Amino acid sequence: GNLRLGDDGRVVFLDFGLMDRVDFGIMESCAAGVRQVLNKDWLDLTHTFQAVRFTPQPMMKNVDFGIKKRPRYEPCGNEEFAVAFQKQLESEADGQSRFGAMAVALKKLSDRYLMLTP
């Protein structure tokens, strides 16, 4: 919705209501994440999530998901998370083209995998 790709290849923000200064590395990671989603490069996306501390390193899976209310996390591979993310994103309507769909997919995954941001 509020992002466009400029003619020069830079990301253009259209809505400044919630804008603040963002570290250059975070901005570059956001741009890389967008490219990775568009290219369906799920494994590299997991590394980008870790680089910006959206997910831990190593990835952590709730091994008690669906069994107990309190999560119990154990390390898992990025490959496993990449497959789970792909499946969840593809199950959402317009999952690769709407940011809101990606947010819903990540929220659903947060019961199974540890996310470090609210």
Side-chain angles (χ1 to χ4, degrees):
N2 294 336
L3 300 174
R4 295 285 186 261
L5 190 61
D7 292 337
D8 61 357
R10 292 187 300 168
V11 175
V12 177
F13 296 92
L14 303 176
D15 181 355
F16 298 95
L18 297 174
M19 297 301 297
D20 195 357
R21 294 192 186 273
V22 177
D23 178 75
F24 181 76
I26 299 293
M27 287 299 296
E28 286 296 307
S29 293
C30 287
V34 169
R35 285 190 304 273
Q36 291 156 348
V37 168
L38 293 174
N39 292 328
K40 299 183 179 184
D41 190 351
W42 311 120
L43 186 57
D44 276 352
L45 183 63
T46 68
H47 297 294
T48 298
F49 283 167
Q50 289 172 318
V52 297
R53 297 187 177 133
F54 185 77
T55 57
Q57 195 169 13
M59 291 288 184
M60 301 296 284
K61 179 180 182 175
N62 177 6
V63 294
D64 285 341
F65 174 70
I67 300 169
K68 296 180 181 177
K69 288 189 178 192
R70 184 179 177 113
R72 183 172 57 94
Y73 294 104
E74 292 184 1
C76 71
N78 285 46
E79 296 82 3
E80 177 185 334
F81 182 82
V83 169
F85 180 79
Q86 176 185 5
K87 287 179 181 178
Q88 190 64 56
L89 190 63
E90 289 176 350
S91 74
E92 304 296 328
D94 300 321
Q96 278 191 259
S97 61
R98 288 187 315 108
F99 180 78
M102 184 184 300
V104 169
L106 287 168
K107 171 62 178 126
K108 290 178 180 176
L109 280 175
S110 71
D111 290 333
R112 292 180 277 157
Y113 296 91
L114 181 61
M115 307 288 177
L116 301 178
T117 58

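No experiment lies behind these values; they were computed from the predicted model shown.
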How far apart are the closest heavy atoms of Met115 and Leu106, and which atoms are they? CE-O, 3.9 Å
Between Phe85 and Phe65, is there a shared hydrophobic cluster once you connect ILVMFWY residues whose side-chain heavy atoms come closer than 4.5 Å? no
How close do Pro56 and Met60 get, heavy atom to heavy atom, and via which atoms? CG-CG, 3.7 Å
Would you call Asp64 and Arg70 a side-chain contact if the rule is heavy atoms closer than 4.5 Å? no
Using every non-hydrogen atom in the two residues, find where Gln57 and Gln50 come nearest and quote the distance to one decimal. CA-NE2, 3.6 Å
Shortest non-hydrogen separation from Leu116 to Arg53 and the atoms involved: CB-O, 3.4 Å
Name the orientation class of the two ring planes belonging to Phe81 and Tyr113 (parallel below 30°, tilted from 30 to 60°, perpendicular beyond 60°). perpendicular
What closest approach, in Å, do Ala101 and Ala93 show between heavy atoms, and which atom pair accounts for it? CB-O, 3.5 Å
Starting from Met59, can I reach Val83 by hopping between I/L/V/M/F/W/Y residues whose side chains sit under 4.5 Å apart? no
Would you kindly confirm whether Val52 and Leu89 end up in one hydrophobic cluster when ILVMFWY residues are joined by side chain heavy atoms under 4.5 Å apart? yes
Any chance you could measure Leu109, atom CG, to Thr55, atom OG1, to the nearest 0.5 Å? 11.0 Å
Any donor and acceptor pair, going by atom type alone, linking the side chain of Asn62 with main-chain N or O of Tyr73 inside 3.5 Å? no
State whether the side chain of Asn78 and the backbone N or O of Leu43 hold a donor-acceptor pair below 3.5 Å, judged by distance alone. no
For the CD atom of Glu80 and the NZ atom of Lys61, what is their distance to the nearest 0.5 Å? 4.0 Å
Are Met102 and Leu5 co-members of a hydrophobic cluster defined by side-chain heavy atoms under 4.5 Å apart? no
NZ of Lys87 to NZ of Lys108, rounded to nearest 0.5 Å, is 15.5 Å
When rounded to the nearest 0.5 angstrom, what is the spacing between CD in Gln86 and CG in Leu45? 11.0 Å
